[in-house]
Each structure stands twice: as structure tokens, then as C-alpha cells.
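See below for the structure under consideration.
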Amino acid sequence: MDPTNLQKGASPHYSLYQRDIFKAGGTTGQLPPFSVHADELQESTKRKLSEHGYFYANSNAGLGWTDRANRESFYNWRIIPRALVDTNTRDLSITLFGHRIPAPILFAPIGINKLYASEGELIPARIAGELGIPYCLSTAASQPIEAVAAANEAGASEKNESNSVHHYDGPNGGKATSPRFFQLYMGHDDELTLSLLNRAWKSGFDVLMLTTDTWQLGWRPTDINIANYVFYYPNPVGNETGSSDPVFMRKHGEDLKQDTGKWIDSSVWHGKAHTWEKITWLIKEWKRISGGRPFLIKGIQCAADAKIALDVGCDGIVVTNHAGRQVDGAVSSLEMLPEIVEAVGDKMSILFDSGIRTGSDVFKAIALGAHAVMVGRLYVWGMSHDGAPGCRHVMRSLLADLDITMTVAGYKSITEDVHGKKDAVLKWNPYGVYPRGEHARLG
């Protein structure tokens, strides 16, 4: 690609990252530290992680059929390329909850990141700040809320073409310069819940999403085989949100010394489901604390629940099956997305999660009506290989992949030409089986 005299568009030329890699290989012999082909990337984490880290990142519910269904659904939707379209500049940017961001991609909330790198959540938070795309922090994080916010700010302070796209002038309790959202696992102690919300707001997390599909972990045989629940082991990681919370420590600090699973068992994966009646209270409290900022339900898998979420006052939903980790044999998130979009897509924001691996996957989810997508395992696999450089490499590769897909498929604007236009840009093909391992590789 000719890097000279490039037209300046609304988005950076993320595609140049491909040229940078080729150039480094050709001129200095420097090759990427690992493959970003999703199948190879997942497989190679076996050589980088402990047994517990590998299986926690990659285990699925039951036989893994829901995880497979997620990928098969992407395989069945095919992009229709267009010819002779002026794609010399592309616009990947969108506005999400008042934030202008450079691409429709978010870092999904994933807990216990210290299983993958010693700095844990500080790594993806910093890379998200560098890129100017939203970082979603999990309640099950292995770093305190405040430390993650500081890392996100540190990344945002390194100004570049990507994070310079970000713009937001709405309320924010922490004067954040980068978009960051908070994912809540809600226990049954309202005082503790309010403490978490206040900490998140004061640290600059200005969107709240409640996870509703994981009151307890799903049945994951490959984790069960090795008793893979880090909280019950000596010196566990993953208690940091609780151990840094004044309300939790006042009530349970002594208990935590005796039982390292106290935080996770009582306040995160407690096994005691909430119902819709509790959501109205949570929305009211979050709106009070945040001055009216958005509230989302994460875990919607059918149009009926999407309509209820709208009726109770949610500003958005995350269409997800928790990446196939909770219910085996369930519907894929992508196959349910069109009917959910038809039901509520013009009334609330829809984020998509579960199975995103490539730029083409992002394109397809947006075409089917999602406003943005969340990426999880990809960045975990990247940081598992090489910490911050690995995480950065994977996310820059995904952005380049999306940018190049838009260029060569003939679509200029992700909002105007792709979003919600499935009948014009996609074709459903019910035939064939999602291939595994059928690609060129060394060794």
C-alpha cells in the first residue's frame, strides 16, 4: 500500500498496520511475535499459560456446542462485495452513548486477567486508552477499579490518530479522557452494590451494564477436570475489587482472611438470581449517581427479553450468550440478533458479543443491526503471549482487518453503508460446515 499522499478521512488508515508488518519483515527480518489467525492464536496460548490460565480462558459450557454455534453463524452469513467504490478513505467511527469513538469495537469485560499477565486488567485498559475505544471493566477483575481507571488514562495520554477521534462532552464522575464502562455482577447487599457504583462513577466509568446470565458459572467440564476455580487456592487473584472496597471489607474483611472465596461466593457468582423487579431499583440508583448516564442489560438472547429491558427503562442491551460459557446447546448470539434488532433496534442501543474473531465478523454483526461489538477472548489471547505488546498487536490487527475489509469489499462508511443493511450487504447461506484448521500454516 502506498503510504504517501493519503487522503485524510474520519478514521485513521488502520490498514497501514499490515504494511508496517510486511515492511519490518522485509527490511529487518522482524516478524510478528505470534500468529493472529484466531485458531492458531487460541492454540498457541497453551504454550504461554499455566494449565489453569489456559482452561479458564478457553473453557466452554458442556460440550462446547454453543461456542461452536457462535462461529457457525458467522460462517453462514456471507459478505457481498461491491465493485469500483471510492473507498480511499473509510469512516469506521460511530457515536455510542455520547462518545465519538474511532471504530465500533469495545473491550469486553473479562475477569481475573492476572491469570494471563501479571499486570492483569491494567494491560487492556491501557491499550484501550491508546486506541480510544471503550474499555469495559468486570466486577471480577484482579485489579482495583481505581487502578484500572488510571491505566486507561495513561494510555489515553499518549495522543495518536486513533484516540484523537474520541470526543465526549457529557457528565463523567472522574473527568475521564477515554471511554470506559463498568460491568456489574450484582450480589444481594444493596449497600455494597451502591459502593461499587459510586467507585466506578468517581473513577470515570460512565456507562453501567448488568450481567444477567452468570449468577453462577456454567457447567464447564474442562475447568471441572482440574478444579479450576482460582478463588479457593492459596493467594488467589480475582478478589481485588472486593478487597479494595470499604463496604465489603468493613462487613467481610475478617471473613475473607479465613475464606478466600468469600468475595466471589457472596458478591459475584453467588448462585442467587435477581428478577426484573430489581432492575428498576438499580436503574434508578445508577441514574441518581451518574446524572442520568446509560444503563444496559448484558445477556439478552431473545426479542421478548429485549422488549422487557426496553419497558423497564434500559438504554441498551448486550446480545450475548457469554461466549458459549454458560448454557450448552443454546442459540448462537448472531442468529438471534436480527429478530432482536427488529424488535427494539430503533429504540435502544444494541451491543453484540460472542464469537467475534475477525474484521469480517465485526462487519457482519454491524450489518445485522448491532451498533457496536465487544471483543473478549482475542485480547486475552494476545496479552497471554506478550503482555501489553501482545494485546496491542491483536487489537491493531483487528482494526486493520476491519479497515481492509471495508476497502476491498467496497464499503466506505460503517454507519451509512453497512449498519442495519443486511439485505443489501449480506447473503445467508445455509450450506457447508464451519471449517476448523483448513488454512495454510507452517509445521
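Note that the coordinates shown come from a computational prediction; the quantities given were computed from them, not determined experimentally.
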Step-by-step side chain to side chain donor-acceptor pair (under 3.5 Å) determination, Gln42 to Arg357: CA-CA 11 Å; Gln42 177 180 359; Arg357 299 288 185 268; 5.5 Å; no
Ser203/Glu146 under side-chain contact (heavy atoms from CB on, under 4.5 Å): CA gap, chis, key distance, verdict: CA-CA 6 Å; Ser203 296; Glu146 296 77 9; 3.6 Å; yes
Trace of the side-chain contact (heavy atoms from CB on, under 4.5 Å) decision for Leu137 with Phe107: CA-CA 9 Å; Leu137 175 63; Phe107 282 69; over 6 Å; no
Stepwise side-chain contact (heavy atoms from CB on, under 4.5 Å) check, Val230 with Tyr56: CA-CA 9 Å; Val230 66; Tyr56 190 76; over 6 Å; no
Salt bridge (charged side-chain N to carboxylate O under 4.0 Å, His left out) between Asp67 and Arg377, intermediate numbers included: CA-CA 12 Å; Asp67 174 61; Arg377 279 173 164 162; 3.4 Å; yes
Lys251/Asp189 under salt bridge (charged side-chain N to carboxylate O under 4.0 Å, His left out): CA gap, chis, key distance, verdict: CA-CA 10 Å; Lys251 293 184 172 184; Asp189 182 334; 2.8 Å; yes
Check against side chain to side chain donor-acceptor pair (under 3.5 Å), Glu121 and Ser142: CA-CA 7 Å; Glu121 288 77 8; Ser142 52; 2.8 Å; yes
Criterion side chain to side chain donor-acceptor pair (under 3.5 Å) on Ser93 and Arg100, from CA distance to verdict: CA-CA 7 Å; Ser93 65; Arg100 190 67 182 172; 2.7 Å; yes
Verdict with supporting geometry, Asp190 and Lys278, salt bridge (charged side-chain N to carboxylate O under 4.0 Å, His left out): CA-CA 11 Å; Asp190 291 349; Lys278 187 66 176 180; 2.8 Å; yes
Stepwise side chain to side chain donor-acceptor pair (under 3.5 Å) test for His385 and Ser44: CA-CA 8 Å; His385 280 78; Ser44 61; 2.6 Å; yes
Pair Leu334-Phe352, side-chain contact (heavy atoms from CB on, under 4.5 Å): steps then yes or no: CA-CA 8 Å; Leu334 197 73; Phe352 177 85; 3.9 Å; yes
Verdict with reasoning, Trp263 to Phe231, per ring pair (Phe, Tyr, Trp, His ring centres under 6.0 Å): CA-CA 9 Å; Trp263 160 249; Phe231 306 96; 9.2 Å; no
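Without hydrogens or angle criteria, Gln183 side chain to Thr139 main chain gives a donor-acceptor distance under 3.5 Å. Checked by atom type and distance alone, the side chain of Asp255 never pairs as donor or acceptor with a backbone atom of Gly253 at under 3.5 Å. A donor-acceptor pair is defined here as one N or O able to donate and one able to accept, closer than 3.5 Å; no such pair exists between the side chain of His393 and the backbone of Pro32. Looking only at distances, a side-chain donor or acceptor of Asp403 sits under 3.5 Å from a matching main-chain atom of Tyr14. Side chain of Trp286 to backbone of Pro294: a donor-acceptor contact under 3.5 angstrom is found. With hydrogens and angles ignored, the 3.5 Å screen pairs a side-chain donor or acceptor of Asn172 with a backbone N or O of Lys175. The backbone N or O of Gly53 lies less than 3.5 Å from a partner atom in the side chain of Ser50, making a donor-acceptor pair. In this structure, Asp206 contributes its side chain and Trp201 its backbone to no donor-acceptor pair below 3.5 Å. A distance-only check finds a donor-acceptor pair linking the side chain of Ser354 to the backbone of Ala323 [under 3.5 Å]. Between the Ser164 side chain and the Glu161 main chain, no donor and acceptor come within less than 3.5 Å of each other.
Of the charged side-chain nitrogens involved, at least one lies within less than 4.0 Å of a carboxylate oxygen, so that Asp315 and Lys287 count as a salt-bridged pair. The pair Glu416-Lys421 does not count as a salt bridge, with every side-chain nitrogen at least 4.0 angstrom from each carboxylate oxygen. Salt bridge status for Lys114 with Glu240: present, with a side-chain N to carboxylate O gap under 4.0 Å. Using a 4.0 Å cut-off between charged side-chain N and carboxylate O, Arg71 and Asp361 make a salt bridge.
Using a 4.5 Å cut-off on side-chain heavy atoms (C-beta onward), Tyr54 and Ser384 make no contact. Within the 4.5 Å cutoff, the side chain of Ile350 has heavy atoms near those of the Val344 side chain. Counting heavy atoms from C-beta outward, Phe248 and Ser267 have side chains that approach closer than 4.5 Å. Looking only at side-chain heavy atoms (C-beta outward), Phe182 and Ser138 stay at 4.5 Å or farther from each other. In this structure, the side chains of Pro236 and Asn239 come closer than 4.5 Å at one or more pairs of heavy atoms. Using a 4.5 Å heavy-atom cutoff, the side chains of Val318 and Ile300 are not in contact. Using a 4.5 Å heavy-atom threshold, the side chains of Pro104 and His371 count as separate. Residues Trp269 and Tyr229 meet the side-chain proximity criterion, which asks for heavy atoms closer than 4.5 Å.
Taken from CD1 in Ile279 to OG1 in Thr275, the straight-line distance is 7.5 Å, to the nearest 0.5 Å. How far CD of Glu130 is from SG of Cys391: 9.0 Å, rounded to the nearest 0.5 Å.
Residues Glu158 and Asn163 approach most closely at O-ND2, 3.1 Å, considering heavy atoms. Leu16 and Pro3 get closest at one heavy-atom pair: CD2-CB, 4.2 Å. In terms of heavy-atom proximity, Arg199 sits nearest to Pro246 at CD-CD, 4.4 Å.
Side-chain atoms of Ser413 and Arg90 form no donor-acceptor pair, as typed in the model, at a separation below 3.5 Å. Side-chain atoms of Lys8 and Thr89 form no donor-acceptor pair, as typed in the model, at a separation below 3.5 Å. Side-chain contact of Asp91 with Tyr411: a donor-acceptor pair under 3.5 Å is absent, judged by distance alone.
Between His188 and His270, the distance from one ring center to the other falls under 6.0 angstrom.
No cation-pi contact links Lys284 to Trp281, judged by a cut-off of 6.0 Å to the six-membered ring centre and 45° from its axis. Arg180 forms no cation-pi arrangement with Tyr135, by the criterion of a distance under 6.0 Å to the ring centre and an angle within 45° of the ring axis.
Of the listed residues (His252, Lys257, Gln258), just one forms a side-chain hydrogen bond (donor to acceptor under 3.5 Å, both in side chains) with Glu254, and that residue is Lys257. Partner His322 forms a side-chain hydrogen bond (donor to acceptor under 3.5 Å, both in side chains) with one of Thr214, Asn60, Asp353 and no other, that one being Thr214. Evaluated for a side chain to side chain contact (heavy atoms under 4.5 Å, CB included) with Leu351, the options Val319, Val373, Leu296 yield exactly one hit, Leu296.
When the shell of 6.0 Å around OH of Tyr233 is examined, it contains more than 12 heavy atoms from other residues, nucleotides or ligands. Residue-environment remark: CH2 (Trp276) exceeds the threshold of 12 foreign heavy atoms within 6.0 Å.
Between His166 and His99, the angle of the ring planes stays under 30°, which puts this pair in the parallel group of the 30/60° scheme.
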